[in-house]
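Letters go in sequence order (proteins before strands), and every chain restarts at 1.
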Amino acid sequence: MQRLNKDFFVRDVLDVAPDLLGKVIVRKFDNGEIKKFVITETEAYCGEEDLACHASKGKTKRTETMYMEGGHIYIYLIYGMYYMLNFVTSHKDNPQAVLIRGVDNVIGPGRVGKILQIDKSFNKQSILTSDNFWIEQGEIEKLKYRTDVRVGIDYAGEYWKNRPWRFILKK
DNA sequence: ACAAAGATCCGT
DNA sequence: CGGATCTTTGTA
């Protein structure tokens with residue numbers, strides 16, 4: 001199965017986020033077991049002007065990952081409990097990322113992080129070259145999806161709150 | 001130094 | 001609907 005390359009991720013986040021639907025996350029766990037997870041729900045976070053994006057605060061110790069080139073993994077801990085899995089997109093210094101909200105029948109970014117056994121050590125790693133975590137082309141030819149507003153960003157103001165930047169795979 | 005809030009989830 | 005739980009960030 002074809003592994004996704006750099007060109008896939010070095011594009012605008014609004015193109016990458018829907019294109020990730022149906023792609024397959026492959027995870028090799030510490031015990032050697034390999035499992036695959038089809039991506040079913042994503043959300044786009046779109047640079048410094050997007051008030052829902054962490055990078056709207058500028059470049060900080062946490063957000064500097066998003067300023068890396070597309071193809072890097074962005075992990076952060078939320079509410080002291082849940083590791084959120086994101087993939088950086090676009091060129092260096094354009095802080096965009098896609099949040100993985102659902103895989104297979106696992107809905108919710110916190111649950112995704114848990115089932116994939118993700119932690120902070122994956123932050124800033126490359127999804128293009130790591131040998132225990134990568135993404136493959138899926139088998140679905142023409143998939144259908146719907147859009148909706150993003151979740152948990154009421155603080156971002158009416159405009160950004162209402163962008164239809166959540167992408168959900170249709171069965 | 002300290003306080004506040006957060007791209008969430010679970011149980012009641 | 002409230003609690004868990006701790007890092008990041010702003011303010012003093």
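A donor-acceptor pair under 3.5 Å is formed between the side chain of A:Thr40 and the backbone N or O of A:Gly102. No side-chain donor-acceptor contact under 3.5 Å links A:Tyr74 to the backbone of A:Leu85.
Here the separation of C:dG2 from B:dA5, taken at their P atoms, is 16 Å to the nearest Å.
Listed by first and then second residue, the ring pair (Phe, Tyr, Trp, His ring centres under 6.0 Å) pairs involving residues 91-125 of chain A are A:Phe122-A:Phe133 (not counting sequence neighbours).
The aromatic rings of A:Phe167 and A:Tyr145 lie perpendicular to each other, with more than 60° between the two planes, well past the 30° mark.
A:Lys120 comes within 4.0 angstrom of sugar-phosphate atoms only, judged by non-hydrogen atoms across all strands, and of no base. A:Leu77 comes within 4.0 angstrom of the backbone, heavy atoms only, and of no base.
The OH atom of A:Tyr83 sits 14.0 Å away from the CG atom of A:Leu116 when rounded to the nearest 0.5 Å. In this structure, A:Ser56 OG and A:Tyr155 OH are separated by 7.0 Å, a value rounded to the nearest 0.5 Å.
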Dot-bracket for DNA chain C, 5' to 3', with Watson-Crick and G-U pairs under 3.5 Å, [ ] for crossing pairs and | for other-strand pairs: what is it? ||||.||||||.

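With contacts defined as side-chain heavy-atom distances shorter than 4.5 Å, the pair A:Arg27/A:Ile34 does not qualify.
Between A:Asp148 and A:Arg101 there is no salt bridge, since no side-chain N of the basic residue sits under 4.0 Å from a carboxylate O of the acidic one.
Take A:Lys57 and apply the salt bridge (Lys or Arg N to Asp or Glu O under 4.0 Å) test, not counting sequence neighbours, and it matches no residue.
Within a 6.0 Å radius of CG in A:Asp93, more than 12 heavy atoms belonging to other residues, nucleotides or ligands are found.
OP1 or OP2 of C:dT9 sits under 4.0 Å from a side-chain N or O of A:Arg62. Side-chain N/O atoms of A:Lys59 include none lying less than 4.0 angstrom from OP1 or OP2 on C:dT8.
C:dT9 atom P lies 10 Å from atom NZ of A:Lys61, rounded to whole Å. We find that NE2 of A:His54 is positioned 16 Å from P of C:dT7, with the value rounded to whole Å.
Using a 4.0 Å cutoff on non-hydrogen atoms, the parts of residues 79-86 of chain A near DNA chain C are A:Tyr79, A:Gly80, A:Met81, ordered by number.
When DNA chain B is scanned in the 5' to 3' direction for atoms under 4.0 Å from non-hydrogen atoms of chain A, the outermost contacting nucleotides are B:dG6 to B:dC10.
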All N/O donor-acceptor pairs, side-chain side in residues 10-23 of chain A, below 3.5 Å, sequence neighbours left out:
residue: A:Arg11; atom: NE; partner: A:Phe8; partner atom: O; Å: 2.9
residue: A:Arg11; atom: NH1; partner: A:Asp19; partner atom: OD2; Å: 2.9
residue: A:Arg11; atom: NH2; partner: A:Phe8; partner atom: O; Å: 3.4
residue: A:Arg11; atom: NH2; partner: A:Asp19; partner atom: OD2; Å: 3.0
residue: A:Asp12; atom: OD1; partner: A:Gln96; partner atom: NE2; Å: 3.3
residue: A:Asp12; atom: OD2; partner: A:Leu14; partner atom: N; Å: 2.9
residue: A:Lys23; atom: NZ; partner: A:Asp19; partner atom: O; Å: 2.9

